[in-house]
J.: 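So that we are looking at the same thing, I have put the structure below in structure tokens.
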Number of protein chains: 2
Amino acid sequence: MTMEDGTSKSLGSCGDTDDDYDVLQWDTREDCEVRQILDRIADKWSLLVIALLDRRSLRFTELRRTIDGVSQRMLTRTLRQLERDGLVSRTVHPTVPPRVDYELTPLGSTLHATIRALVTWTEEHQNEIAAARAAYDVRAAAEQEAAEREEAERQAVARRALTLPA
Amino acid sequence: MTMEDGTSKSLGSCGDTDDDYDVLQWDTREDCEVRQILDRIADKWSLLVIALLDRRSLRFTELRRTIDGVSQRMLTRTLRQLERDGLVSRTVHPTVPPRVDYELTPLGSTLHATIRALVTWTEEHQNEIAAARAAYDVRAAAEQEAAEREEAERQAVARRALTLPA
DNA sequence: CGGAATCCGCCACGATACTG
DNA sequence: CAGTATCGTGGCGGATTCCG
């Protein structure tokens, strides 16, 4: 089993002292739930798996084929974590060859619904972000060029001071 | 400048072909906006910075002190990325010693609002998740122990077959 | 004070091979 | 088919040093 990830134990409810002013704590402490869930949905495959399973339950190989690019190792690990968090349920049919079905739990469904909001936000604002990035890159390039010109100028001055020092 | 991260260019609108059946594409392609934003808010510090700046604008050192654990390198990188994405604005006051203020842009504010939904979901369901994890770990431990007993049994049988083979 | 540049450890992830 | 086990590597993030 080896418990490869760092989650393991210490699920200490994150210490909500009073109101929601605990901005510092819910992200600083490693064992905080928010951090955990965030890492889960943000890792390379979890979100995609959740999105796919929201349509219908799927077998391991179906997921593997559909996702295209995932290694069997990562798919297994992803599914295990989702299962452990109660977001995905795993049903083994004792047939031969073996057959394993994965489906979203009710909890997983509500999470997917929540995530949709984030996806929607991204879709709605991707143009603004792209524009901001383009603008930033232009400014950065301009500043860089200015710095280089300034540097060249300084060197030119230094050279003149050397070539005619009389 | 060196452009250390992999984002750089290629902001190719992710290819929304028809409806929302592009589940495969918006997460598989590296240059997809959803992936980018997700990686941003999920990285170790961005979310915390956004949460802090949502209250009021802050100086570099204020952020550094408040966050407690962040290296100046990572704080700088985080702020640069957020600035590039148009989520945070950076204002340099040409005083001595220099003073730099960071504040959330309107775009950044809307993102923070969206993220709050996710945080809320987590707060509401952290008990279920904790319970699911505990249950999973118990099952896993039980299975492990069962496997070990089975193994011990096999070895015991093998030993008997050797000690009295007459 | 607010960075930039450099070096480095670590582990998440991928590729490969083996098992029930 | 559905995994586990093992090894190699790229890149993230931390520590340190230097600069304007």
Side-chain angles (χ1 to χ4, degrees), chain A residues 1-8 27-28 30 35 39-40 42-46 48-49 57-83 88 90-102 140 143-144 146-148 150-151 154, chain B residues 1-8 28 30 35 39-40 42-49 57-83 88 90-102 140 143-144 147 150-151 154:
Chain A
M1 200 189 173
T2 65
M3 198 63 87
E4 198 176 326
D5 64 329
T7 314
S8 61
D27 209 31
T28 298
E30 296 295 329
R35 182 79 272 152
D39 288 344
R40 191 100 320 139
D43 77 10
K44 214 173 177 185
W45 309 110
S46 291
L48 185 50
V49 167
S57 95
L58 290 170
R59 304 183 46 175
F60 184 87
T61 312
E62 289 181 306
L63 283 168
R64 178 149 173 53
R65 269 200 312 266
T66 311
I67 292 186
D68 172 74
V70 68
S71 62
Q72 72 291 39
R73 172 196 157 91
M74 288 318 295
L75 182 54
T76 302
R77 284 178 54 79
T78 300
L79 289 168
R80 283 295 177 284
Q81 300 206 326
L82 293 174
E83 186 195 2
V88 159
R90 174 171 176 268
T91 358
V92 183
H93 299 89
T95 64
V96 42
R99 174 197 179 94
V100 180
D101 281 321
Y102 292 94
E143 286 176 16
Q144 165 123 7
E148 280 170 3
E150 188 181 334
E151 172 64 13
R154 272 215 310 275
Chain B
M1 198 187 172
T2 65
M3 197 64 90
E4 196 178 326
D5 66 328
T7 315
S8 61
T28 299
E30 296 296 329
R35 183 79 270 153
D39 288 344
R40 191 100 321 140
D43 76 9
K44 214 172 176 185
W45 310 110
S46 292
L47 181 55
L48 185 50
V49 167
S57 95
L58 291 170
R59 302 183 49 174
F60 184 87
T61 312
E62 288 181 308
L63 283 167
R64 180 150 171 51
R65 270 202 311 266
T66 311
I67 293 185
D68 170 74
V70 68
S71 62
Q72 73 291 40
R73 170 191 156 90
M74 288 318 295
L75 182 54
T76 302
R77 282 178 54 81
T78 300
L79 289 167
R80 283 293 176 284
Q81 300 205 329
L82 293 174
E83 186 194 3
V88 159
R90 175 172 177 268
T91 354
V92 182
H93 300 89
T95 65
V96 41
R99 174 198 179 92
V100 181
D101 281 321
Y102 293 93
E143 287 175 16
Q144 165 122 5
E150 189 181 334
E151 171 65 12
R154 272 214 308 277

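What you see is a predicted model, and the numbers here were worked out from it, not measured in a lab. Reminder, nothing fancy here: chain letters follow the sequence lines and each chain counts from 1.
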J.: Just how far is it from atom CE of M74(A) to atom CG of L79(A), taken to the nearest 0.5 Å?
T.: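 Rounded to the nearest 0.5 Å, the CE-CG separation comes out at 10.5 Å.
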J.: Roughly, in whole Å, what's the span from CG in D39(B) to P in dG13(D)?
T.: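 These atoms are roughly 10 Å apart.
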J.: Under the side-chain hydrogen bond (donor to acceptor under 3.5 Å, both in side chains) test, which residues partner R99(A), sequence neighbours left out?
T.: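 Per chain and number, R99(A) pairs via side-chain hydrogen bond (donor to acceptor under 3.5 Å, both in side chains) with D101(A).
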J.: Give the nucleotide from the list dC1(C), dC13(C), dC1(D) with an atom nearest to the side chain of D43(A).
T.: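 Comparing dC1(C), dC13(C), dC1(D) against the side chain of D43(A), the answer is dC13(C).
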J.: At under 4.0 Å between heavy atoms, what does R80(A) touch on the DNA or RNA strands: base, sugar-phosphate, or nothing?
T.: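 Contact class for R80(A): sugar-phosphate only.
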J.: Can you check whether W45(B) has a side-chain N or O nearer than 4.0 Å to OP1 or OP2 of dC12(D)?
T.: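 Indeed not, no polar side-chain atom of W45(B) lies that close.
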J.: Report the distance from atom NZ of K44(A) to atom C1' of dC11(C), rounded to the nearest whole Å.
T.: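 Taking atom C1' of dC11(C) as the reference, NZ of K44(A) is at 15 Å.
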J.: Kindly compute the distance separating OG1 (T78(B)) from CD1 (I67(B)), expressed to the nearest 0.5 Å.
T.: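 With rounding to 0.5 Å, OG1 (T78(B)) is 7.5 Å from CD1 (I67(B)).
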J.: Could you tell me whether R64(B) contacts a base, only the sugar-phosphate backbone, or nothing, with contacts defined as non-hydrogen atoms closer than 4.0 Å?
T.: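 Nothing, no heavy atom under 4.0 Å.
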J.: Starting from the 5' end of DNA chain C, give me the residue, Q72(B) or R65(B), whose nearest nucleotide shows up first.
T.: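 Its nearest nucleotide lies further toward 5', so the answer is R65(B).
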J.: For the pair made of CG in D68(B) and P in dG14(D), what is the distance, rounded to whole Å?
T.: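 Whole-Å distance recorded here is 12 Å.
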J.: Give each protein N/O atom lying under 3.5 Å from an N/O atom of nucleotides 18-20 of chain D, with the pair distance.
T.:
none

J.: Who are the salt bridge (charged side-chain N to carboxylate O under 4.0 Å, His left out) partners of R59(A), not counting sequence neighbours?
T.: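 Partners of R59(A) under the salt bridge (charged side-chain N to carboxylate O under 4.0 Å, His left out) test: none.
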J.: Whole angstrom is fine here: how far is it from CG in L79(B) over to P in dC1(C)?
T.: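 Taking atom P of dC1(C) as the reference, CG of L79(B) is at 17 Å.
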J.: Nearest 0.5 angstrom please: D43(B) CG to D39(A) CG, how far?
T.: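 Rounded to the nearest 0.5 Å, the CG-CG separation comes to 10.0 Å.
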J.: Indicate whether OP1 or OP2 belonging to dG3(D) is found under 4.0 Å from a side-chain N or O atom of R90(A).
T.: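 Yes, because at least one side-chain N or O of R90(A) sits under 4.0 Å from OP1 or OP2 of dG3(D).
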J.: Using atom names, set out every protein N or O paired with an N or O of nucleotides 7-9 of chain C below 3.5 Å, distance rounded to 0.1 Å.
T.:
none

J.: Taking CZ from R77(B) and C1' from dA5(C), how many angstroms apart are they, rounded to a whole number?
T.: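 Computing the R77(B):CZ to dA5(C):C1' distance gives 12 Å.
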J.: Please find the pair of heavy atoms, one from Q72(A) and one from F60(A), that lie closest to each other, and give the distance.
T.: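 What the structure gives for the nearest pair is O-CZ, 4.0 Å.
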J.: Once side chain to side chain contact (heavy atoms under 4.5 Å, CB included) is applied, do any residues pair with R90(A), and if so which ones, sequence neighbours excluded?
T.: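 Once residues adjacent in sequence are excluded, the partners of R90(A) under the side chain to side chain contact (heavy atoms under 4.5 Å, CB included) criterion are R80(A), E83(A), V92(A), V100(A), Y102(A).
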J.: Nearest whole Å is fine: how far is dA12(C) P from R40(A) CZ?
T.: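 R40(A) atom CZ is separated from dA12(C) atom P by 11 Å.
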J.: Can you name the nearest heavy-atom pair linking R40(B) to S46(B), along with the distance?
T.: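 Distance-wise, the nearest heavy atoms are O-CB, 2.9 Å.
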J.: Report the nucleotide, chosen from dA4(C), dG14(D), dC13(C), that has the shortest atom-to-atom distance to any side-chain atom of M74(B).
T.: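 Nearest to the side chain of M74(B) among the choices is dG14(D).
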J.: For residues V70(B) and R64(B), report the shortest heavy-atom separation together with the two atoms involved.
T.: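 Heavy-atom minimum between the residues: O-NH1, 2.9 Å.
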J.: For L75(A) and dC13(C), give me the distance from atom CG to atom C1', rounded to whole Å.
T.: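 Atom CG in L75(A) sits about 14 Å away from atom C1' in dC13(C).
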